[in-house]
Chemist: 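Handing you this structure, nothing more for now.
Heads up: numbering here begins at 1 and tracks the sequence.
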Amino acid sequence: MTSRSTSNPPALLTLRAALVLLLAVLTGAVAGTLTYFARRSIPEALLAGGAATGGAIGLFNRLIA
């Protein structure tokens, strides 16, 4: 019987990166939903949500140090 190392492989995503992405996606979803309710246009809601997500990534990346 051989002894195997039971070390876990490294994480694919750090906790900080996961938190930044989660907050950014939630921000984009809220912005997209509010835009859809205001304008009743799916393309405009997707554009607003995508823009909010992109901006939120930069913001939360600086805030969470």
Chemist: Looking only at atom types and distance, does a side-chain atom of Arg39 sit under 3.5 Å from a main-chain N or O of Ala45, one as donor and one as acceptor?
Modeler: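 No.
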
Chemist: For the OG1 atom of Thr35 and the CD1 atom of Ile42, what is their distance to the nearest 0.5 Å?
Modeler: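 CD1 of Ile42 is found 12.5 Å from OG1 of Thr35.
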
Chemist: Hey, quick one: are Leu46 and Tyr36 part of the same hydrophobic cluster, counting side-chain heavy atoms closer than 4.5 Å, chains of contacts allowed?
Modeler: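 Yes: a chain of side-chain contacts under 4.5 Å links Leu46 to Tyr36.
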
Chemist: Between Phe60 and Leu21, is there a side-chain heavy-atom distance shorter than 4.5 Å?
Modeler: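 A side-chain contact under 4.5 Å is absent here.
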
Chemist: Can you tell me how far apart CG (Asn61) and CG (Leu23) are? Round to the nearest 0.5 Å.
Modeler: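 Interatomic distance, Asn61 CG to Leu23 CG, rounded to 0.5 Å: 11.5 Å.
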
Chemist: Search all heavy atoms of Ala31 against all heavy atoms of Ala48 and return the closest pair with its distance.
Modeler: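 Shortest heavy-atom separation between Ala31 and Ala48 comes out as CB-O, 4.3 Å.
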
Chemist: Report yes if some heavy atom in the side chain of Leu26 is under 4.5 Å from a heavy atom in the side chain of Leu22; otherwise report no.
Modeler: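 Yes. Closest side-chain heavy atoms under 4.5 Å.
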
Chemist: With a cut-off of 6.0 Å (strictly less than), are more than 12 heavy atoms of other residues, nucleotides or ligands near CG of Leu13?
Modeler: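 Above 12, so yes.
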
Chemist: Assess whether side-chain contact (heavy atoms from CB on, under 4.5 Å) is satisfied between Leu19 and Ile64, documenting all intermediate values.
Modeler: CA-CA 9 Å; Leu19 183 61; Ile64 302 172; 3.8 Å; yes

